[in-house]
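Here the structure is laid out as structure tokens; the discussion comes afterwards.
Keep in mind that this is a model prediction, so the values were computed, not measured.
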Amino acid sequence: MRLTAVLSMAARVVIPKDYRFGTNRPWTAAAKRLNPPGKKRRKVFVEPIAAEDWSVLRGDTVEILAGKDKGKQGKVIQVFRHRNWVMLEGLNTHHRYIGKGVDNRGTYIASEAPILLRNVTLIDPSDRKPADVQWKFTEEGERVRVSLRTGRIIPKPVVQRRDGIVPEQWKDGPKDTSPEDTLAKTYVPSLKTLEEEVMETMGIQENRRHKRSYWY
């Protein structure tokens, strides 16, 4: 087994069977504080949705169907598939009081709360109206989302990575390795040792030989 596989198994987070997923990553301190060892929490039943049937992605524009912000449209900033949750930017917010101390009065901050997936619907970019979608395949074999109301393709959103790079819009610079150089096969297998290959490349001749040794 490769060392990388062993290290990945060691770093994998072991999640208990009765673990309740929230908005925090399971390995963070906030998640461990809400799920301490030995604590029994009420089981939450989540409607099973297959990964290939999940139609709302991070960066999509959706409209809220129920709740205090019903009818408002917003951008999806987070997706929680273990709980069928989505979080919208600036919508379905609640206020928290933080920072209170001896010398600090604290302040209220607004933070977004998650919304169930069934309470939002995708927006058709052609007319900015809500629409039901279905996954279909194009003639080129690409899997796309199609609006059932207009029949138009709803493109997948372009999302930045944590380092601010958009992979679909990336352009190679002068110091980037080209795909041709990356795929070029430059390694020639050989039975020689590293030292012998270096000596052959540098033109070093070695006439000395090891003395014979005998083992009894």
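- Side-chain N or O atoms of R83 include one that pairs as donor or acceptor with a backbone N or O of F21 at under 3.5 Å.
- More than 12 heavy atoms of other residues, nucleotides or ligands shown are found within 6.0 angstrom of CG on D163.
- Side-chain contact between Q73 and R128 is present, with heavy atoms from C-beta onward closer than 4.5 Å.
- For E47, the CD atom is loosely surrounded, since the number of other residues' heavy atoms within 6.0 Å does not exceed 12.
- Counting only heavy atoms from C-beta outward, the side chains of I115 and L88 approach each other to under 4.5 Å.
- Counted within 6.0 Å of CZ on R105, heavy atoms from surrounding residues, nucleotides or ligands total 12 or fewer; the atom is thus considered open.
- Residue S55 comes nearest to W135 through the heavy atom pair CA-NE1, 3.9 Å, listed as atom of the first residue, atom of the second, then distance.
- Smallest separation of non-hydrogen atoms from I154 and P125: CG1-CD, 4.0 Å.
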### Task
Under the side chain to side chain contact (heavy atoms under 4.5 Å, CB included) rule, what do F80 and T23 come out as? Steps first, then yes or no, please.
CA-CA 7 Å; F80 305 94; T23 57; 4.0 Å; yes
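- Closest approach of L122 to V62, counting heavy atoms only: CD2-CG1, 3.9 Å.
- Applying the side-chain contact (heavy atoms from CB on, under 4.5 Å) test to Q134 and every residue at least two apart in sequence or in another chain returns K136, L148.
- With a 4.5 Å cut-off on side-chain heavy atoms, V133 and V146 do not count as touching.
- Taking the side chain as every heavy atom from C-beta outward, I165 and Q160 never approach each other to under 4.5 Å.
- At least one donor-acceptor pair closer than 3.5 Å links the side chain of E196 to the backbone N or O of T193.
- Within the 4.5 Å cutoff, the side chain of V198 has no heavy atoms near those of the T201 side chain.
- For the pair E63 and K72, the salt-bridge criterion is not met [side-chain N within less than 4.0 Å of a carboxylate O].
- Considering every non-hydrogen atom in both S147 and D124, the closest pair reads OG-OD2, 3.1 Å.
- The local environment of CD in E200 is sparse, with at most 12 non-hydrogen atoms from other residues, nucleotides or ligands closer than 6.0 Å.
- In terms of heavy-atom proximity, V159 sits nearest to P167 at O-CD, 4.0 Å.
- Contact annotation: the side chain of R149 approaches that of D127 to within less than 4.5 Å [non-hydrogen atoms, C-beta and beyond].
- A donor-acceptor pair under 3.5 Å is absent between the side-chain atoms of R58 and the main chain of K75, judged by distance alone.
- Atom NZ of K68 is surrounded by more than 12 heavy atoms from other residues, nucleotides or ligands within 6.0 Å.
- Within a 6.0 Å sphere centred on CD of Q78, other residues, nucleotides and ligands contribute more than 12 heavy atoms.
- Around atom CZ of R81, more than 12 heavy atoms belonging to other residues, nucleotides or ligands sit under 6.0 Å away.
- Closest non-hydrogen pair, H94 versus A113, comes out as ND1-CB, 3.6 Å.
- R145 has a carboxylate O that lies under 4.0 Å from a charged side-chain N of D60, or vice versa, which qualifies the two as a salt bridge.
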